[in-house]
Structure formats: structure tokens, C-alpha cells
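One structure is given here, and the rest of the page talks about it.
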Amino acid sequence: MSAAPANPRVTLALVVLVALLIGGNFTALKFALDHTTPLLLAGLRTVVGGTFLLGFVTLVRGERIPTDRSVLARIFVVSLAITTISSALLVIGVNRVPAGLASLLSSTMPLFTALLVLLLMGVRPTRLGTLGLVVGFAGTVVLASPSLDGEATAIGIVALAASALAWAFGTVFMQWRDFSAVSPVMIVAVQLPMSAAVLIPVALLTEGVADTDWSLGLFVPLAYAAIPANAVTFALMATIVKRAAATQAAATAYLIPISGVFFGWLIRDERLGAIELVGGVLVVAGVYLLVTANARAKMAATAS
């Protein structure tokens with residue numbers, strides 16, 4: 001039996017909140033990267049966020065950590081996709097491009113989600129959804145065009161696109177496989193320490209700590225990136241994913257770039273060029289069309 005639909009006003013509030021929290025994350029990461037290296041930052045995010053969320057879910061909510069191996073194996077797949085690979089690539093990308101551009105590229109996640117839903121679950125997009133995919137990916141190509149200006153930018157853009165793809169796979173996998181035995185918050189609480197167990201050793205082996213400045217300049221943006229923008233938002237997104245179709249659950253993505261560009265402008269005085277502006281508008285428009293098409297299809301199926 002499927003869960004009852006969420007209250008529309010509550011859902012809207014959660015969508016806006018998640019978009020704001022994640023939008024601010026890109027700017028916070030830029031500040032943190034002034035004091036440490038990308039992989040170590042990604043690992044520290046999972047340590048801080050995982051400790052906070054695991055304590056909350058066990059001590060406050062009174063939930064028990066799952067011990068079933070099959071459940072833990074499924075959570076590990078989500079962990080590997082979203083909070084390990086996607087998070088690591090996100091920080092690598094943010095380190096090489098402006099925060100606003102990073103948020104625009106990350107917002108392509110719903111486009112990859114729709115493709116994976118088609119490949120893994122056999123759900124074809126409607127004509128409007130297909131149009132959204134075409135428009136959105138056209139915007140992605142436009143956004144990627146500045147990569148011709150230099151190797152650093154190219155690596156950042158590729159990393160962010162791959163991060164969006166990994167995030168999309170984790171989102172679809174949660175719809176594709178059974179996670180009913182575990183609450184959405186517990187899923188994230190367990191997957192973050194799993195990611196930490198991978199990211200921290202890799203970071204120490206490849207980057208070390210010589211370039212890390214253990215000061216408030218690191219700790220303040222790290223705290224924001226780890227708890228509000230990581231633990232809290234992933235838990236909220238996991239809740240939405242379990243109660244809606246995968247592409248609909250990704251609806252926050254067309255608000256995230258607006259939020260990300262805004263915070264980049266407000267806090268770091270970043271400006272979008274004409275290419276980034278055109279590409280960003282196309283991506284947001286494509287995601288909007290895709291999510292709108294999915295919502296209409298779901299309403300039609302419910303009515304019939």
C-alpha cells in the first residue's frame with residue numbers, strides 16, 4: 001500500500017526550504033575550500049553530518065540502526081552513489097568553477113533521473129517530458145561550452161555533470177528497490193558514516209592534511225555544508241523520494257540553481273556571463289517542463 005500524498009502546502013514549504021539550503025551549500029563549500037582540499041572536505045561533511053543525524057535519529061527519534069545485511073547492502077549502494085561519489089565530485093567541481101555555475105550544472109540531476117527511470121524502470125517520459133529533456137540537455141551543452149577556455153574549468157564541469165548523474169542514480173535506486181523496512185531519515189543517517197569510511201581514507205592517502213587550515217574559516221562553512229545543507233536536506237529529499245515518483249521528487253532542482261546563483265551573487269559577488277545565463281535558463285526550463293509533465297501524468301493516472 002502506497003503512502004498517502006503529502007499536504008501540498010507542506011510539500012511546497014519543504015521544496016523551497018531544501019532549495020534554499022542546497023543553494024547556499026555551493027557558496028559555503030567555496031569558503032571552506034579556501035582552507036582545505038576537495039576530498040577531505042567531502043569526507044569531513046559526511047563525518048559531521050553523519051554524527052549529527054545518527055545521534056538525532058537514535059537518541060531523539062528512538063530508531064534502531066538496521067542490522068539486516070540485505071537492507072544495509074541497499075543503503076550502501078545509495079551511499080556510494082549520492083553521499084560518496086556524487087558528493088566528492090560536487091566538491092571537486094565547486095573547487096574549479098564559480099558557485100553559481102556549479103549550482104546550475106548540479107540542477108541537471110532531474111534530467112539524468114528521467115533517463116535512468118526509462119532505462120531501469122521502463123517508464124517513458126511524455127511528449128512534454130521529452131521536450132523538457134531536450135531543452136534541459138541543450139542548456140547543459142551551453143553551460144559546458146566554457147570548458148574550452150581551460151583545463152581547470154573543463155574538469156570542474158565534467159565533475160559536476162558526473163555528480164548529478166550519480167545523485168540521479170541513487171534517487172532512482174531508492175524507488176527501484178525496497179526500502180520500506182527503514183525510515184528515510186535512518187537511511188541517510190546510516191549512509192553518511194558509510195561514505196565517511198570511504199572518503200576519509202582516500203582523502204588522507206591522496207591529499208593529506210598539510211594544506212588544511214584548522215580554523216573557524218573552515219569550521220563555520222563546514223558546519224553549514226555538513227548539517228543544514230547535507231544531513232538535513234538529504235533526509236528531507238529521502239522522505240519526498242519515498243512518497244513520490246522519482247522525477248517528481250527531483251522538482252526542487254529547478255529552484256536550487258536560482259538559490260545557488262543568488263547566494264553566489266549576494267555573498268561572493270559572482271556574476272553570470274551571457275553563456276551561463278542562457279544555459280541556466282534552458283536547464284531550468286527543461287527541468288520545469290519535465291517535472292510538470294510528470295505531475296500531469298500522475299494526476300491523469302490517479303483520476304482514471
Side-chain angles (χ1 to χ4, degrees), residues 1-16 18-19 22 78 81-82 86 103-144 160-180 184 236-260 277-304:
M1 183 176 180
S2 60
N7 183 298
R9 292 182 179 179
V10 173
T11 301
L12 177 61
L14 288 176
V15 165
V16 173
V18 168
I22 298 181
V78 177
I82 298 179
S86 180
S103 68
L104 291 171
L105 287 163
S106 294
S107 70
T108 58
M109 186 272 280
L111 306 176
F112 290 114
T113 299
L115 290 179
L116 291 175
V117 165
L118 171 62
L119 295 174
L120 299 179
M121 303 175 68
V123 179
R124 295 180 176 275
T126 63
R127 290 183 179 179
L128 184 60
T130 301
L131 175 62
L133 282 173
V134 173
V135 172
F137 279 119
T140 305
V141 172
V142 173
L143 286 176
L160 288 164
S163 171
L165 176 59
W167 182 10
F169 175 79
T171 301
V172 175
F173 187 82
M174 291 180 67
Q175 284 282 316
W176 191 29
R177 291 292 184 256
D178 181 20
F179 285 85
S180 60
L236 291 175
M237 285 299 297
T239 301
I240 297 172
V241 165
K242 289 195 70 171
R243 296 174 66 88
T247 47
Q248 187 175 10
T252 53
Y254 61 77
L255 291 178
I256 289 172
I258 299 174
S259 175
L277 184 60
V278 172
V281 169
L282 288 173
V283 167
V284 173
V287 172
Y288 176 78
L289 290 172
L290 180 63
V291 173
T292 300
N294 184 75
R296 289 180 180 177
K298 187 174 182 180
M299 291 177 62
T302 302
S304 60

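All values below come from the heavy atoms of this structure, side chains included, with hydrogens, waters and symmetry mates left out. The first residue of the sequence shown is numbered 1, and numbering continues consecutively from there.
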>> On a heavy-atom basis, which atom in A164 and which in T108 lie closest, and how many Å separate them?
In response: CB-OG1, 3.4 Å
> Got a second to check how far T113's OG1 is from L133's CG, nearest 0.5 Å?
Replying inline: 10.0 Å
> Partners of S259 by side chain to side chain donor-acceptor pair (under 3.5 Å), sequence neighbours excluded?
Replying inline: none
Going by atom type alone, with no hydrogens or angles, which donor-acceptor pairs under 3.5 Å involve a side-chain atom of residues 115-125 and a protein atom two or more places apart or on another chain?
none

>> Run L105 and L143 through side-chain contact (heavy atoms from CB on, under 4.5 Å) and show every step you take.
In response: CA-CA 7 Å; L105 287 163; L143 286 176; 3.9 Å; yes
> For the residue pair S106 and L160, what are the closest heavy atoms and their distance?
Replying inline: OG-CD2, 4.0 Å
> Say you draw a straight line from CE of M174 to CD1 of I82; how long is it, rounded to the nearest 0.5 Å?
Replying inline: 6.5 Å
> Distance from L277 atom CG to L104 atom CG, nearest 0.5 Å?
Replying inline: 9.0 Å
>> Just verifying a value: how many Å separate F169 CZ and S86 OG, rounded to the nearest 0.5 Å?
In response: 12.5 Å
> Shortest non-hydrogen contact from A285 to V135?
Replying inline: CB-CG1, 4.3 Å
